[in-house]
Engineer: 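Pasting a structure here, questions to come.
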Amino acid sequence: MNTGYHDRSKKARIYGSIIIYKIISLVILIALTIIMTFTFFIEKNKVTDANNRPVSAIFYIMGFCIFLFALSIILDFYIIKRTVSIGRHLNKLAYIDKLTGIPNRYSCDLLFENFNSPELLPETGFLLLKINNLIAINKDKSHSNGNFLISEFSSILEDVSQEYGYVGRNGGNEFIVLMEKCDSTKLELFLMDLTKRIRGYNEMNVGDPLEIAYSKVLNLDEHKEKISELISLGYKRLREIPQMLS
């Protein structure tokens, strides 16, 4: 279980509760300030007109309290603004993979759910990819080398997919691409662009070479009624008849 996700999600909910509390208290404070301000000026004018004397010290104290209330309102607005910003940031982090910066498995679940609609599913394209030499790199070199390769591949995958569809890291060495209105031409064009980028990366020799295995599923061909069936088929093909980018 990903405790980091749950921690960030819990913190985001806590900040949300703080925002609600601060808004309620701010509304009450503004109302009290308005009432006190009206009362202050009304009573001040009464005393001045009746006695024709300088205002007593109590009114100066009331005026100072009103000033403090107004200052507190300004500070509350600032606190609410900062809290909203922090809450949004934490909520975003809950769905982003820490290592790669791309959507994590929880975001992938949301994507799968969205693509399960009758409008998207019939023309959905699904790609499942993995770094084929990752286990060997982790074993022969180090996990830091493996993590570096994961990060590099994620950056390439995210960049290439921007014109095609949605990407995510659905586990340690599982990367997904989901495409709307996808036919064989769109899928092959994506694979060609990805292959070019990987070849370019490997030719630069910046680290260990990327060897990518993948499986592809077009629902135009498979006619699956549930996105889970389409995904299961992708996993089955990657396990039994993987293809290699070359």
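Note that this is a predicted model, so its numbers are computed, not measured.
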Engineer: Look at the side-chain heavy atoms of Ile, Leu, Val, Met, Phe, Trp and Tyr, link any pair under 4.5 Å apart, and say whether Leu149 and Leu99 land in one connected group.
Structural biologist: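 Both belong to a single hydrophobic cluster.
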Engineer: Please determine whether residues Leu245 and Ile241 belong to a single hydrophobic cluster, defined as Ile, Leu, Val, Met, Phe, Trp and Tyr linked transitively by side-chain heavy-atom distances below 4.5 Å.
Structural biologist: no
Engineer: If you count every heavy atom of other residues, nucleotides or ligands that lies below 6.0 Å from Glu240 atom CD, does the total exceed 12?
Structural biologist: yes
Engineer: Supply the atom-to-atom distance Glu203 CD to Ile198 CD1, rounded to the nearest 0.5 angstrom.
Structural biologist: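 Going from CD on Glu203 over to CD1 on Ile198, the span is 12.0 Å.
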Engineer: Supply the atom-to-atom distance Glu119 CD to Lys181 NZ, rounded to the nearest 0.5 angstrom.
Structural biologist: 11.0 Å
Engineer: Kindly indicate, with the supporting measurements, whether the criterion side-chain contact (heavy atoms from CB on, under 4.5 Å) is fulfilled by Cys182 and Leu218.
Structural biologist: CA-CA 7 Å; Cys182 184; Leu218 279 174; 3.6 Å; yes
Engineer: Under a 4.5 Å side-chain heavy-atom rule over Ile, Leu, Val, Met, Phe, Trp and Tyr, are Val177 and Val217 clustered together?
Structural biologist: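 Per the 4.5 Å side-chain linkage, Val177 and Val217 are not co-clustered.
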Engineer: Output, in order, the C-alpha distance, side-chain angles, deciding distance and verdict of side chain to side chain donor-acceptor pair (under 3.5 Å) for Ser142 and Asn145.
Structural biologist: CA-CA 5 Å; Ser142 68; Asn145 288 68; 2.6 Å; yes
Engineer: Between Ile150 and Arg169, does a side-chain contact (heavy atoms from CB on, under 4.5 Å) hold up when you go through it step by step?
Structural biologist: CA-CA 10 Å; Ile150 289 173; Arg169 185 185 180 197; 3.6 Å; yes
Engineer: Can you tell me how far CG of Leu178 sits from CD1 of Ile227, rounded to the nearest 0.5 angstrom?
Structural biologist: 5.5 Å
Engineer: How would you list all residue pairs meeting side chain to side chain donor-acceptor pair (under 3.5 Å) that involve residues 148-161, not counting sequence neighbours?
Structural biologist: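 For residues 148-161: Asp159-Arg197.
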Engineer: Rounded to the nearest 0.5 Å, what's the gap from CG on Leu194 to CD1 on Ile156? Could you check?
Structural biologist: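 So the CG of Leu194 and the CD1 of Ile156 are separated by 7.5 Å.
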Engineer: Any link between Leu210 and Met204 through a network of hydrophobic side chains (Ile, Leu, Val, Met, Phe, Trp, Tyr) touching at under 4.5 Å?
Structural biologist: yes
Engineer: Other residues, nucleotides and ligands only: do more than 12 of their heavy atoms fall within 6.0 Å of CD on Gln243?
Structural biologist: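 It does: Gln243 CD has more than 12 such atoms within range.
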Engineer: With side chains defined as the heavy atoms from C-beta onward, is the minimum distance between Leu187 and Met179 less than 4.5 Å?
Structural biologist: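 Heavy-atom side-chain distance check passes, below 4.5 Å.
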Engineer: Does the side chain of Ile176 reach to within under 4.5 Å of the side chain of Val167, using non-hydrogen atoms?
Structural biologist: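 The answer is no; the side chains never approach within 4.5 Å.
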Engineer: Compare every heavy atom of Leu220 with every heavy atom of Glu123, then report the nearest pair and how far apart it is.
Structural biologist: CG-CD2, 3.9 Å
Engineer: Between Thr195 and Leu191, which heavy-atom pair has the shortest distance, and what is it?
Structural biologist: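 Taking every non-hydrogen atom into account, OG1-O, 2.7 Å.
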Engineer: Between the side chain of Asp193 and the main-chain N/O of Val160, is any donor-acceptor distance below 3.5 Å?
Structural biologist: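 Between the backbone of Val160 and the side chain of Asp193 there is no qualifying donor-acceptor contact (under 3.5 Å).
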Engineer: Quick one: do Asn116 and Lys226 satisfy side-chain contact (heavy atoms from CB on, under 4.5 Å)? Show the steps, please.
Structural biologist: CA-CA 6 Å; Asn116 207 34; Lys226 295 180 180 179; 4.2 Å; yes
Engineer: Just list the side-chain donor-acceptor pairs under 3.5 Å for residues 128-135, sequence neighbours left out, or say none.
Structural biologist:
residue: Asn133; atom: OD1; partner: Glu211; partner atom: N; Å: 3.4
residue: Asn133; atom: ND2; partner: Pro209; partner atom: O; Å: 2.8

Engineer: Considering only residues two or more places apart or on different chains, which pairs with a residue in residues 167-224 satisfy ring pair (Phe, Tyr, Trp, His ring centres under 6.0 Å)?
Structural biologist: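 For residues 167-224, and leaving out neighbouring residues, the ring pair (Phe, Tyr, Trp, His ring centres under 6.0 Å) pairs sorted by first residue read Phe153-Phe175, Tyr164-Phe190.
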Engineer: Who passes ring pair (Phe, Tyr, Trp, His ring centres under 6.0 Å) against Tyr166, sequence neighbours left out?
Structural biologist: Phe115
Engineer: Less than 3.5 Å apart, which donor and acceptor atoms pair up between the side chains of residues 230-239 and the rest of the protein, not counting sequence neighbours?
Structural biologist:
residue: Ser232; atom: OG; partner: Ser228; partner atom: O; Å: 2.9
residue: Tyr235; atom: OH; partner: Asn170; partner atom: ND2; Å: 3.0
residue: Tyr235; atom: OH; partner: Glu174; partner atom: OE1; Å: 2.7
residue: Arg237; atom: NH1; partner: Lys216; partner atom: O; Å: 2.8
residue: Arg237; atom: NH2; partner: Glu222; partner atom: OE2; Å: 2.8

Engineer: Run the side-chain hydrogen bond (donor to acceptor under 3.5 Å, both in side chains) test against Asn173 and tell me which residues pass, sequence neighbours left out.
Structural biologist: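 Expected list: none.
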Engineer: For a side-chain contact (heavy atoms from CB on, under 4.5 Å) check, start with the C-alpha distance between Cys108 and Phe112, then their side-chain angles and the critical distance, and finish with the verdict.
Structural biologist: CA-CA 6 Å; Cys108 291; Phe112 296 150; 4.2 Å; yes
